[in-house]
Undergrad: 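One structure coming up, written as structure tokens, with questions to follow.
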Amino acid sequence: MKNELRELLQAAVRSLEGSLLPGPIDASAVTVERARDVQHGDFACNVAMRLAKSAGRNPRELAAAIIAALPANTLIDRAEVAGAGFINLHLAKDRYTRELLRVHELGDRYGRNEPPHRRKVLLEFVSANPTGPLHVGHGRQAAFGDALGSLLAAAGDEVVREYYINDAGRQTEILAVSVWVRYLEAGGESLPFPQNGYRGDYIRPVALHLHERYGTRFMQPAAAVLESLPADAPEGDKEKYIDALIARCQQLLGAAGWQSILEDSIAEMLAEIRDDLEGYRVRFDHWVSERAFTQSGAIDRALERLRKLDLLYVKDGATWFRASQFGDDEDRVVIRDNGIKTYFASDIAYHLDKRERGYDVLIDVLGADHHGYVTRVRGGLQAFGHPGECLEAPLIQLVALYRNGEKLSMGKREANFVTLRQLREEVGNDACRIFYLMRSNDQSLDFDLELAKSKSNENPVFYIQYAHARVASVMKELGARSLGYEPQAAGEIIARRGAELLAGPHAEAMLASLSRYPEVIEQAAAQRAPHALVHYLRDLATSLHAFYNAERVLVSDDELRQARIHALRAVQCVLRNGLAILGVSAPESM
RNA sequence: GCGCCCGUAGCUCAGUUGGAUAGAGCAUCAGGCUUCGAACCUGAGGGUCGGGAGUUCGAAUCUCUCCGGGCGCGCCA
């Protein structure tokens with residue numbers, strides 16, 4: 001609807017080029033927006049004011065000329081100049097009922113855009129290290145990433161969801177050694193737990209599985225394990241201590257034994273993460289293993305290319321990438337002085353690989369604490385000639401859980417933290433998702449557990465779902481009373497006299513809200529803002545509740561009844577489409 | 001110190017390609033169920049959009065500056 005209007009206005013503006021307007025006009029300057037005040041009609045356009053100065057014309061005069069130049073159409077009833085030079089558009093009476101029929105015509109395709117050239121988007125999110133279960137912060141990233149993916153797909157992009165498994169590197173070694181220490185404990189040895197290890201309870205079952213699978217093969221006396229190790233924190237350095245412990249484990253068990261513990265531990269953690277995400281209804285198209293990626297030689301090839309571009313140099317025994325040439329604060333290390341490549345090196349290669357797989361847009365959904373990382377990864381892409389703008393990184397601010405007004409503390413290496421699984425079990429997937437998505441991603445989020453669980457009117461989850469269920473309930477009641485409703489006939493009734501049957505402030509507000517859905521999808525996708533969809537659905541639900549309270553649906557007047565049911569079902573359809581994008585269920589009853 | 005995010009009604013937050021009188025939920029107050037689901041609806045009060053300066057026909061929105069809060073600033077990932 002909005003796009004049709006914009007095209008009409010663009011045509012009008014173009015026809016004035018060379019006469020009232022100098023030179024060609026940028027079509028993007030012509031925009032229309034919903035009028036906020038009903039006095040101003042349905043839509044308003046400010047192009048006359050925007051062009052007035054460069055045209056050397058009075059904006060109101062220009063507006064009048066544009067109106068006069070509007071092509072013939074059936075959408076606009078009248079257009080008038082208002083205020084400083086606005087063009088207010090009053091649409092034909094049947095504007096919204098025509099749109100209502102489109103909802104029925106398209107069903108779950110309503111609101112979806114199918115452009116001729118679809119951009120290929122690679123959406124990477126969560127990508128949590130397989131060193132522990134997903135926590136509530138990951139839950140927000142998962143909800144956001146998944147909803148954004150659906151939103152972009154609805155808006156016409158070709159979206160692939162990808163999870164990058166950080167299964168290489170030091171963190172996984174720390175995981176393995178943490179498991180080993182718990183394994184030794186379970187076998188009866190007594191030794192201190194490393195300060196820098198993963199202390200969470202989730203480590204113990206992994207250790208027990210090791211016993212089940214390998215028996216006592218990895219057992220060692222505590223004295224042998226601890227012999228001549230440097231001091232752990234607080235007296236010593238926890239990093240040095242755990243590195244020494246890792247080395248000791250490798251020495252005592254041999255490379256094969258160490259590999260078994262490492263791989264089993266990662267596999268178990270990863271299985272848990274996948275299971276969590278599955279239960280959360282978040283699915284990925286690709287799971288990319290960093291280890292496999294590394295072993296393919298892709299990192300070495302990328303570094304070699306950088307070297308040929310003279311973008312690497314050696315200093316203090318380390319190899320540095322000239323990130324500062326691409327806007328970063330300083331150059332960054334890609335190979336440490338001990339010969340080990342940094343995570344950044346693999347990320348350069350990984351993001352390059354994404355582009356070389358043919359994706360136009362790369363989106364990394366990141367926790368807000370990773371913001372400093374974006375510039376250098378972008379720099380890496382630019383080094384290979386890719387535009388920096390092809391990488392977007394929506395940052396997800398922190399989540400704080402509250403119970404009874406009290407903030408719960410979190411920390412991955414601490415023994416107590418709330419996992420995504422615990423949260424889902426407590427409040428349910430739907431409440432979880434809506435609460436995570438309600439707020440803009442760059443707003444930190446206070447998650448009130450009691451509120452999310454409450455089945456009260458304070459809880460926005462139920463408000464939207466209730467609207468959907470209410471329509472289902474009307475349909476059931478319709479059957480029980482054996483009143484007639486036939487979609488085909490209802491469509492014809494509305495085509496004939498919909499504007500008359502669905503008149504009145506509540507019906508009109510509801511249908512106006514309904515017709516906004518395609519615009520909301522388009523804009524929310526463009527702004528990467530799933531929360532805008534949540535707010536819209538709440539508005540749409542409000543308009544349905546208001547209509548429902550004001551007007552009786554199951555009336556004896558056959559045409560009136562059919563028209564009203566048809567309208568309700570269209571709203572229900574859009575609610576369902578919108579909730580599906582958010583990953584929230586649309587229940588028939590509650 | 002530098003970088004990013006945030007500051008809008010009592011509370012939690014929408015509102016950024018600059019638009020007309022700044023919105024919603026909760027809370028408060030006043031109303032609405034013999035009839036399709038009251039998990040709902042109708043109405044009222046409530047604002048120096050953190051402060052200041054600038055840009056212009058027009059600023060919550062853009063620029064600068066200051067204040068306050070959060071996060072980050074490794075040869076970790």
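Reminder, nothing fancy here: chain letters follow the sequence lines and each chain counts from 1.
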Undergrad: Would you mind listing every side chain to side chain donor-acceptor pair (under 3.5 Å) that reaches into residues 531-544 of chain A, with sequence neighbours excluded?
TA: A/Tyr463-A/Thr542
Undergrad: Who is the Watson-Crick or G-U wobble partner of B/C29, with both distances under 3.5 Å?
TA: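 The base-pairing partner of B/C29, which may sit in any strand shown, is B/G43.
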Undergrad: Between B/G37, B/G25, B/A77, which one does the side chain of A/Arg538 approach most closely?
TA: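 Out of B/G37, B/G25, B/A77, the nucleotide with an atom closest to A/Arg538's side chain is B/G25.
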Undergrad: Could you work out, with side chain to side chain donor-acceptor pair (under 3.5 Å) as the rule, every residue matching A/Glu392, not counting sequence neighbours?
TA: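 Checked A/Glu392 against side chain to side chain donor-acceptor pair (under 3.5 Å); matches are A/Arg528.
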Undergrad: Please pick, from B/C41, B/A77, B/U21, the nucleotide with the shortest atom-to-atom distance to any side-chain atom of A/Ala546.
TA: B/C41
Undergrad: In the 5'-to-3' direction, what one-character label does each nucleotide of nucleotides 11-19 of chain B receive under the scheme B = base within less than 4.0 Å of a protein heavy atom, S = sugar-phosphate only, - = no such atom?
TA: -SSSS-B-B
Undergrad: Quick one: do the A/His370 and A/Asp364 side chains pair a donor with an acceptor below 3.5 Å?
TA: no
Undergrad: Any idea which of B/A77, B/C4, B/U35 is nearest the A/His371 side chain?
TA: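 Of B/A77, B/C4, B/U35, B/C4 is nearest to the side chain of A/His371.
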Undergrad: What nucleic acid atoms does A/Asn338 come within less than 4.0 Å of, heavy atoms only: base, sugar-phosphate, or nothing?
TA: nothing
Undergrad: Expressed as a whole number of angstroms, how long is the span from A/Glu551:CD to B/U35:C1'?
TA: 15 Å
Undergrad: Is the shortest distance from a Lys or Arg side-chain nitrogen in A/Asp347 or A/Arg376 to a carboxylate oxygen in the other one below 4.0 Å?
TA: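 Between A/Arg376 and A/Asp347 there is no salt bridge, as every charged N stays at least 4.0 Å from the carboxylate O atoms.
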Undergrad: Base, sugar-phosphate, or nothing: which does A/Asp37 touch, judged by heavy atoms less than 4.0 Å apart?
TA: base
Undergrad: Please state the C1' separation for the pair B/G43 and B/G37 - nearest whole angstrom.
TA: 24 Å
Undergrad: Quick one: side chain to side chain donor-acceptor pair (under 3.5 Å) partners of A/Glu519, sequence neighbours excluded?
TA: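 In terms of side chain to side chain donor-acceptor pair (under 3.5 Å), with neighbours along the sequence ignored, A/Glu519 is linked to A/Arg34.
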Undergrad: Expressed in whole Å, how much space separates the C1' atoms belonging to B/C40 and B/G51?
TA: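 Each nucleotide's C1' atom is 43 Å from the other's.
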Undergrad: Can you list the residues that meet the side-chain contact (heavy atoms from CB on, under 4.5 Å) rule with A/Pro530, with sequence neighbours excluded?
TA: A/Phe144, A/Ala147, A/Leu148, A/Leu151, A/Leu437
Undergrad: Quick check for you: among B/C75, B/A77, B/C40, whose closest atom lies nearest to any side-chain atom of A/Ala318?
TA: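 For A/Ala318, the side-chain atoms sit closest to B/C75.
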Undergrad: Any idea which of B/G32, B/A77, B/G37 is nearest the A/Glu477 side chain?
TA: B/G37
Undergrad: Using the P atom as the reference point in each nucleotide, state the distance between B/U48 and B/C6 in Å, no decimals.
TA: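 That atom pair is separated by 22 Å.
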Undergrad: Could you pull out all residues at least two apart from A/Asp232 that satisfy side chain to side chain donor-acceptor pair (under 3.5 Å)?
TA: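 Here no residue qualifies.
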Undergrad: Starting the side chain at C-beta, find the nucleotide from B/C36, B/A77, B/C41 nearest to A/Asn166.
TA: B/A77
Undergrad: Of the nucleotides B/A77, B/C75, B/C36, which one has an atom closest to the side chain of A/Trp320?
TA: B/C75
Undergrad: Nearest whole Å is fine: how far is B/G70 C1' from A/His370 NE2?
TA: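 Taking atom C1' of B/G70 as the reference, NE2 of A/His370 is at 17 Å.
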Undergrad: Where the side chain of A/Gln397 is defined as all heavy atoms beyond and including C-beta, which of B/C5, B/G37, B/C40 is the nearest nucleotide?
TA: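 Nearest nucleotide to the side chain: B/C5.
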